[in-house]
Each structure stands twice: as C-alpha cells, then as structure tokens.
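Presented below is the structure to which this report refers.
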Amino acid sequence: MLAVIPMSNDVMAEIQHDYLFNLVLKGERADGRSFDEFREITIETNVIDTADGSALVTLGTTQVLVGVKVQPGEPFPDTPDVGVIITNAELIPMASPEFEAGPPREGAIEIARVVDRGIRESKSIDLKKLCVTEGEKVWIIFIDIHILDNGGNILDAASIGAIAALLTTTLPGARYDEGEDMPLPVRDIPVAITTVEFGGELLLDPSLDEGKIAGTSLTVITNSDGSISGMQKSGTDPLTTDQIIRIVDMAKTAAEEIRTKFLEV
Amino acid sequence: MSERPERFIIDGKRLDGRSFDELRPIKIELSPLDRADGSCYLEWGRNKVMAAVYGPRELHPRHRQNMTRAVMQFRYNMASFSVDDRIRPGHNRRSIEISKVSREAFEPVVFTKFFPKTAIDVFVEVLRADAGTRTAGINAASLALADAGIPMRSLVSACAVGKVDGEIVLDLMKEEDNYGEADVPVAMTVGEEITLLQMDGHLTPKEFYKALELAKSGCRQVYGLQRQALVEKYNKDYSVDEDDARSDAGGDSDE
C-alpha cells in the first residue's frame, strides 16, 4: 500500500540503475541468476474451457494467459485460399501500476506483432489447411494474450504461451457444421527469447528492473531446427555485431531447452 | 450457445443436481498476483475471475482528485476468450454498467475519508464466464481489497437469485440465466445492508421478497467462505504471533 510517494520514480530509477550496474560489473544479478539463466517457467494448458486452446505461463513472477479462439470467416481478397491469424495483446491495468486502461498502445502492439511474426514466419501453422472454401470461407485463428502480472519479460512469456495454447487448439468443426473437430495442424515450435544489453554484458530473460534499466533489448525467435523466424530490437542504445551474434546464440540455446522441457508434442 | 432445456427442475433438483438454495462450489486463492497491492483469484462453478487492487495511490488527472476522500475506481473486464463466441477486447456498454454498480457496491464500506486526493483502483478480469460473473467479481474484489490492507467497515458478499420453472433458486447457472424468468444479483455487508441490487425478468412482489431473502442467505454463505480464506491466509503468515499472543494472555491472567 502506497499512502505516500517517498521519491520520484526518476530518483528511484537512478538508484536502481547504479545498484544493478555495480552488480553486473561483479558478474552478478539481483536475483542470483547467471547472465544466461532463465527464471523458473511453468506452463499449464487447457485452463479455459470456453477457448479452443489456452495456456497459463508463469516466468518468475510474470503471469500470462493466452486464449485461442477459432471461427470461420472470409479470407483476405489477396490470399483467398489461406487461413487468417489475428494476434492481440492487452496490457491490462491489473498487471502493473504502470499499465492504463484503453486501446492497446505501442507496447502492447509490439508484443502482439512480435509474437504473431514468430508464428507466421516460422510457418508453424499450415494456413493452407485452414481453407474451407476458397475465396469464401477460411478458419480465423484469434490469439488473445492477457498479461495478468508483469514481473518482466512479458514478451517471452507471451510467445511461449501462444505456441503452447496453439499446440492444444482444436479446430471446432462440429460447432460450425464444418466437419469434425480436429487438432490445429502445428508444424513447428517458434520460441521468442529476449536478451538485454546492460553495462556491456548480455542478460537473458530480463527481470522487471533489468528490463526497465537496460538501454536495449533484442528478441530472437528460433524454430526447432535452429533457424530464425523473427527478430526485434527494442530500446534506444545500439548493439555491436559481436553482441548480436552472441545474443542469437544464447537465444537458440535457451529456446531449445524450453522446447524440449515444455513444448514437445 | 447451449439449447434451452425443456425443464429446469426435475424431481426437485436443478440441472446440475443442486437443490434450490444451494450455491455452486467456490474456490478462493488469495494474493496470486505479485505486483498488485492485493489480489484474489476466485472460481465459482465454472466461472474464473481475477481481482486486483492498487492503492491508495496518486490519482491522475489531478482535477479528478477529491480533497476529502479517496476516489474509488472499478474496472470490470471480460477476456475475449471467456465466452463461447469471442468478444471484442476492451470496454463495452455492459462492462461499463457493471463497473459502475460494482464500484457503488463498495463505496459504503471503504473508509475513503482516510485517503484524500488518492485513488483506490479495483480491477476485475473475467477469464472464464458462466453466469454470475459480476457477483463473482465483487466477491473476489472484496477479498483483494482486504488483501491490500484497505480499511473497510465490512466485507461485501454477493450472490444472484433467479426464477426457473416458477421456482425461486439461488445462484443461477448458465442455462438458468439465459432462459430463466428472472435474475436478481445482490451484494450486501455483514450487517445485511444491501449495496448492490439489480433485477431483470418477471417476479411478483411476493416472489421478489422471497428471492431477496434467499439471496441474503447465499451472501451469508459466501461471507463464511471469504472470511475462512482470509483467516487461513493470515493465520498462516503470522502463526508466530499466535504463540506470542497466548503467552501474553497468560501473563495478564497472573496479575
């Protein structure tokens, strides 16, 4: 409970910055992790039975709920024979004192678009198989990302949640008189991994404070075969080529571990 | 959406086997969220709701501040995947109305005068809906407020009653809510002051009085569960104090 605001957020950020910076110089992180270590992850699937697929992901204290809904609809005119994916993220004010109600702003839009990019570009979902009648009717996959608790790095939690939810998604044929229910055809498991640059060091899976203080982050989405299907640099500081290569390597290793631990079908 | 059942009551039992005055099972988890000042996750039948409280905190924009008391803000929101047909994310007329009456259900119990110029924010997210989400949200919000340490005169407990097949029944399930003859959500304090009352459908005054009494009995049951959840959580956290308290009491009796 915050009855009095003791110091401005700017002052707090400055103190926090110095504290974390000095830790990094000693090779340490505030929560005791090594630089390339993820926080504890749990994934619970099929948590919402009104959704066609769902997953609750916790990453440290971060909690993200992803629900997938599938409905028949019209294809886009320029792609009449493929299904449609629509990804939406909400940074609801429940999740953080910094989030405000209202239509998605740039932070939420970026998260939704990066998660969407990973799934789309990895060709994880065979969109051709989602065509019912060419030019008239295709399956539309709505991926809705609900951030419940922002403990940092919500992007990776959202990405893991999205693919975990898709892996449990059923195409509801029976509900719409379009044949039998069948599992959504998922061919690949893209996983987004975010690394921040801070004090010249690279820190995997930034905590809330690390994320706030770091000048820049790079999210790399890798697939089962190690190929890359999406990247997003975010933040104001530049990265060197060498740093980028190291980040890609770290992301690949971390994604592999998460995939084998949690997401193999 | 499910079909209208031919009958709602068979051999004195409802569709899910409950008697007329029986609640659906309720499960409560306190403080599931890390960042919120107080939070509560509540399952009620197949409803799943999360409530979070922030505050008292600075209120922006400043012209909305009240110099004599805290401003309560309540946001009820449904996840797009919480119902059968996906709903568009964000506020709509229904959620704005529910937010308003839910906020007003709490205004009489919260000591807002203790915190002038601040805001007390309550957020309710319906993650899975199955009739009675506003009452579920109020019950969860009540506990989230307590969990945040907000001073209150009383917890608020809520429950709906309705009418199906001519019978007044407690705590409507989905089919009863969709196709029943009336729906009366009620919220009240421990002292049985009603802080929320809505009704739609068709009832005679006599039926309404009966419904209100039944709703109150439901609220009393809910209150018991809310109280139990708080006692369990905060007894566990401060179990050391219990021993201290006992030895203190012993000391007093010696004097």
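Per chain, numbering begins at 1; letters A, B, ... match sequence-line order.
To the nearest 0.5 Å, the span separating CD on A/E100 from CG on B/D121 amounts to 10.0 Å. Between the CD1 atom in A/I86 and the OG atom in B/S80 there is a gap of 11.5 Å [rounded to 0.5 Å]. Interatomic distance, A/L148 CG to B/S39 OG, rounded to the nearest 0.5 Å: 10.5 Å. Put simply, CZ on B/R86 and CD1 on A/I140 are 10.0 Å apart, with the number rounded to the nearest 0.5 Å.
Dense packing is recorded around CZ of A/R33, with more than 12 heavy atoms of other residues, nucleotides or ligands lying under 6.0 Å away. More than 12 non-hydrogen atoms from other residues, nucleotides or ligands lie less than 6.0 angstrom from NZ of A/K212. The environment of A/R113 atom CZ is sparse: at most 12 non-hydrogen atoms of other residues, nucleotides or ligands sit within 6.0 angstrom. The neighbour count for A/E37 CD, taken as heavy atoms of other residues, nucleotides or ligands under 6.0 Å away, is above 12.
Only the side chain of A/N88 has a heavy atom closer than 4.5 Å to any heavy atom of chain B. Heavy atoms closer than 4.5 Å to chain A are found in the backbone of B/A51, but not in its side chain.
In this structure, B/L33 and A/Q63 approach most closely via the heavy-atom pair CD2-NE2, 3.9 Å. Summarising the geometry of B/D85 relative to A/Y176, their closest heavy-atom pair is OD1-OH, 3.8 Å, with the distance given to 0.1 Å. Taking each heavy atom of A/I92 and B/R75 in turn, the nearest pair found is CG2-NH1, 4.2 Å. Taking both residues in full, the closest heavy atoms of A/M94 and B/Y54 are given as O-OH, 2.8 Å, listed atom of the first, atom of the second, then distance. In this structure, A/E90 and B/P89 approach most closely via the heavy-atom pair OE2-CB, 2.8 Å. When all heavy atoms of B/F81 and A/V66 are compared, the pair lying nearest together is CE2-C, 4.4 Å.
Top candidate by heavy-atom pairs under 4.5 Å with chain B, chosen from A/I48, A/D52, A/V68, is A/I48. Of the listed residues (A/P103, A/P93, A/A101), the greatest number of heavy-atom pairs within a distance under 4.5 Å of chain B belongs to A/P93. Put simply, of A/T61, A/D144, A/L65, the one with the most heavy-atom pairs under 4.5 Å next to chain B is A/D144. Here A/P97 is the residue among A/P97, A/S96, A/P104 with the most heavy-atom pairs under 4.5 Å with chain B.
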Practice task
Output, in order, the C-alpha distance, side-chain angles, deciding distance and verdict of side chain to side chain contact (heavy atoms under 4.5 Å, CB included) for A/L208 and B/R35.
Solution key: CA-CA 11 Å; A/L208 188 66; B/R35 294 221 68 192; 3.2 Å; yes
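The pair B/D84-A/R175 fails the salt-bridge criterion, with no side-chain N (NZ, NE, NH1 or NH2) lying under 4.0 Å from an Asp/Glu carboxylate O.
Between the side chain of A/T50 and the backbone N or O of B/S82, at least one donor-acceptor pair lies under 3.5 Å.
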